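Heads up, the thing below is written out as structure tokens.
Every value quoted in this text rests on a predicted model; they were computed, and no experiment measured them.
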Amino acid sequence: MKIAIQVMTPPYSYQDMDSAIKIAESALNKGHEVAIFLFADAVNAANSRVKPIRVDRNIPKKLEGLIKEKGLRVDICGLCMEYRGLAEEALIEGARPSGLPELAKLIAESDRFLSFSA
């Protein structure tokens, strides 16, 4: 099964990113193909320069680990990155700038689509 998850909320302001990661990890562990699309303020979840206080909630490191170890796909809205001053070189390894056409394709090709938004 192909699962696409869109997250729009800031990674450290709400539980949405944590929920998306847990759903993605569970689905990947069961052999499903999972993609997360970071939109609006959620692009900060892929910022490698984030320095969280609590080690257990290092969202960028968690995403990077799932990309490397489980094959998670992480696309980031390029315009949202630019608007927030997030440079491509600051992204976690394996995450890639993308756009709305790619999001539309993810939605069209996925069996399930989840959206976390404010």
Nearest 0.5 Å, what's the CG-CE distance between Asn44 and Met17? 11.5 Å
Restricting to non-hydrogen atoms, name the atom on Arg57 and the atom on Asp18 that form the minimum distance, rounded to 0.1 Å. NH2-OD2, 2.6 Å
State yes or no: do Ile76 and Val50 share one hydrophobic cluster built from I, L, V, M, F, W and Y residues joined by side-chain heavy-atom distances below 4.5 Å, directly or via other members? yes
I want to check something: taking the side chain as every heavy atom from C-beta on, are Asn47 and Arg84 in contact at a cut-off of under 4.5 Å? no
Any heavy-atom pair between the side chains of Lys22 and Lys62 that's under 4.5 Å? no
How long is the straight-line distance from CG of Leu114 back to CD1 of Ile23, given to the nearest 0.5 Å? 5.5 Å
Sidechain-backbone polar pair: Ser110 side chain, Ile107 backbone, donor-acceptor under 3.5 Å: yes
Measure the spacing between CD1 of Ile21 and CG of Leu72 and express it to the nearest 0.5 Å. 8.5 Å
Strictly distance-based, threshold 3.5 Å: is any side-chain N or O of Asp41 a donor or acceptor partner for the main-chain N or O of Thr9? no
Can you measure from CD1 (Ile53) to CG (Asn58) and round to the nearest 0.5 angstrom? 12.0 Å
Going only through I, L, V, M, F, W and Y residues with side-chain contacts under 4.5 Å, is there a path from Leu63 to Leu106? no
Are the side chains of Arg73 and Glu33 in touch, meaning some heavy atoms are under 4.5 Å apart? no
Are Phe39 and Phe116 in one and the same hydrophobic cluster, where Ile, Leu, Val, Met, Phe, Trp and Tyr link if side-chain heavy atoms are under 4.5 Å apart? no
Kindly compute the distance separating CD (Glu109) from NZ (Lys2), expressed to the nearest 0.5 Å. 5.0 Å
Under a 4.5 Å side-chain heavy-atom rule over Ile, Leu, Val, Met, Phe, Trp and Tyr, are Met8 and Val74 clustered together? no
Do you know which two heavy atoms are closest between Ala20 and Val7, and how far apart they sit? CB-CG2, 3.6 Å
Heavy-atom closest pair, residues Cys80 and Cys77: SG-SG, 2.8 Å
Which pair of non-hydrogen atoms, one from Glu102 and one from Asp75, has the smallest distance, and what is that distance? CB-OD2, 4.3 Å
Closest non-hydrogen atom pair, Ala45 against Pro11: N-CG, 3.6 Å
Provide the closest heavy-atom pair for Met1 versus His32 in the form atom of the first, atom of the second, distance. CB-ND1, 3.2 Å
Rounded to the nearest 0.5 Å, what separation is found between the NZ atom of Lys30 and the CD1 atom of Ile3? 10.0 Å
Backbone N/O of Ile59 and side chain of Tyr12: donor-acceptor pair under 3.5 Å: yes
Hydrophobic cluster membership, Leu100 vs Phe113, 4.5 Å side-chain cutoff: yes
Using a 3.5 Å distance criterion without hydrogens, assess whether the side chain of Gln6 forms a donor-acceptor pair with backbone atoms of Phe37. no
State plainly whether the residues Lys70 and Glu25 are in salt-bridge range, i.e. N to O under 4.0 Å. no
